[in-house]
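All values below were derived from every heavy atom in this structure, side-chain atoms included, with hydrogens, water molecules and symmetry-related copies excluded. Numbered from 1 within each chain, the chains take letters A, B, ... in sequence-line order. Just so we're clear, the structure is a prediction, and the values are computed from it rather than from any experiment.
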Amino acid sequence: MARLLAIGWLFHLKNLTNSLFFVLISVLQPIIFATIAFFMFRSGDRPGGLLYAALGAGLMGIWSSTLFGSGGAIQWQRWQGTLEVIVAAPARFLWVMLPLTVSTASIGLYSIVATLFWGRVFFGVPLSFEHPWLFALALPITVLSLGLLGLVLASTFVLYRQASAFSNLLEYPIWLVTGLLVPLSLLPGWVEPLSWVLAPTWGMEAVRNAALGGEVWPGIGMCVLLGAIYLALGAVFMNNFERLARQRATLSLT
Amino acid sequence: MNSVRVFFIGGLTSYRALFGWLSPWVFVPSLLVAPIFQILLFVYIGRSAQLESDEFYVIGNAIQYAAVPCLFAMTHLVAGERFQQTLGYILITPAKRLPLFVGRALPVVTNGFFVSAFALLVGGAVVGIDVPTSAWAPIALAAAVSAFACTGLGLVTAGLGLVVRETSVLANIIFGLLLVFSGSNVPIEHLPRWMQVVSAGIPFTHGIAAVRGLADGDGLADAWGLIGTEALIGVVYGTIGYALIRGAEFLGRRHATLDRA
């Protein structure tokens, strides 16, 4: 199974890297949002926080690529005519889809690199991390937890024909309620419990604290815990989808 | 008479097809809900940065979000026809090109205006901004002119769509650039000089400034210069776009490449 996951992840990572759309989502879009945030923070009455903005914009990119990638994961297989083959393969459908959703989140790593590079070169953002080793640990764990959240999305989006439109709907709200560019304390109180069940909240906390100083382990721990819950949910949803599709013979239907 | 028919009927038919026969499952999340969250995101970033008032971001983002329907719809004008393999049939007809393509822009302008107006009303109500009732009519005019100007830019991207394969990527890039350069979230005077020069020549910059002025109590006479400049920008982009489409059509016929970019 480890081989299936590793090869699948690498294959999809290479495949997605060849997509201009994904490169745009992962690189240009976070740079655009980072640029706006840099100007806003630099011009406002609270200057500073440029590294905060660069990391936040980078994680926004990871979320976007996860959302669009996972949202389209099953639909792409349908269009390519490979969905039936994957479902019929001896390997469980879950273990074939998991590397795909994790790879869509991994593509988002380009975002972090792009926003940090852009911030350093054009806005003089200081790239000094308080806990560089914990940063190196927090980042892949965050990506993995987002990939597992993508698995839940991929399985639920099966039921929704216009998954791409629904992806558009989820992009901004999650950026907002997980505090990627805005401190959660500024948002209404009822938003906070929502943010607790979303891995980007804890991933952002871990990555930001590793860079700027603060407790890193609680964020990492919550990412691992939520990732396990997402995996369990994804397994239930995927099994259900596969069973229903076989029963109703709707696997290749959009 | 035939040209008038092509202008109105052809434009409406094309527009209905664009949204999968106006499926609410696409329209509502993409064009009604997403702009409200874009407004909220920048309102809260603005509060965090302590840069401008909530009204600044509500107006900037509501007007700028018209770029989604205007740019994507116009870009899809060509790419969608190519995808459905109907581009050749359309271009082989004797219909005059001006009503054919500009007619398709009219519903797009209307929709862009509707999206901006909806975002302004709902976003403004959610955040709680105070705009004098007397300002709504001139604001509507400025919003409609801004949607028109962006549709002109959309005609340019439609022309490029005849020679570029990744049209949705192109529209996404331009949407992002408009967000940075139009002053929707960062006051123009805080941008570097070269960016200010660029922002003066793109859609939305003058329209957003006009709406902000009107919301702050300016009369239509004060905003007339900005609205007129916005309209002029739309005409210039529209003319360039139309020329690009005709040029690309000519090249496509010559090299037999209409159905592939």
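The two residues I32(A) and L177(B) make their nearest non-hydrogen contact at CD1-N, 4.2 Å. Closest heavy-atom contact between R47(B) and L186(A): C-CD1, 4.3 Å. Smallest separation of non-hydrogen atoms from M40(A) and A49(B): O-CB, 3.6 Å.
Other residues, nucleotides and ligands contribute more than 12 heavy atoms inside 6.0 Å of the CZ atom of F135(A). Other residues, nucleotides and ligands contribute only 12 or fewer heavy atoms inside 6.0 Å of the CZ atom of F37(B). By the neighbour-count criterion of 12 heavy atoms within 6.0 Å, atom CG of N18(A) is densely surrounded, having more than that number from other residues, nucleotides or ligands.
Residue N172(B) holds its CG atom at 9.5 Å from CG of L28(A), rounded to the nearest 0.5 Å. Here N185(B) contributes atom CG and S43(A) contributes atom OG; the two are 12.0 Å apart, rounded to the nearest 0.5 Å. Atoms OG and CD1, from S184(B) and I36(A) in turn, are 6.0 Å apart once rounded to the nearest 0.5 Å. Note: L169(A) CG to L32(B) CG = 10.5 Å, rounded to the nearest 0.5 Å. Distance check, rounded to the nearest 0.5 Å: CH2 of W175(A) to CG of L40(B) gives 13.5 Å.
For the pair Y172(A)/V33(B), no side-chain contact is recorded, criterion being any heavy-atom separation below 4.5 Å from C-beta on. Side-chain contact between F33(A) and L179(B) is present, with heavy atoms from C-beta onward closer than 4.5 Å.
In this structure, chain A has a heavy atom under 4.5 Å from the side chain of Y57(B), while its backbone stays farther away. Both the backbone and the side chain of L176(A) come within contact range of chain B, judged by heavy atoms closer than 4.5 Å.
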Under the criterion side chain to side chain contact (heavy atoms under 4.5 Å, CB included), I'd like the reasoning laid out for Y44(B) against L187(A): C-alpha separation, chi angles, the key distance, then a yes or no. CA-CA 8 Å; Y44(B) 278 104; L187(A) 300 175; 3.7 Å; yes

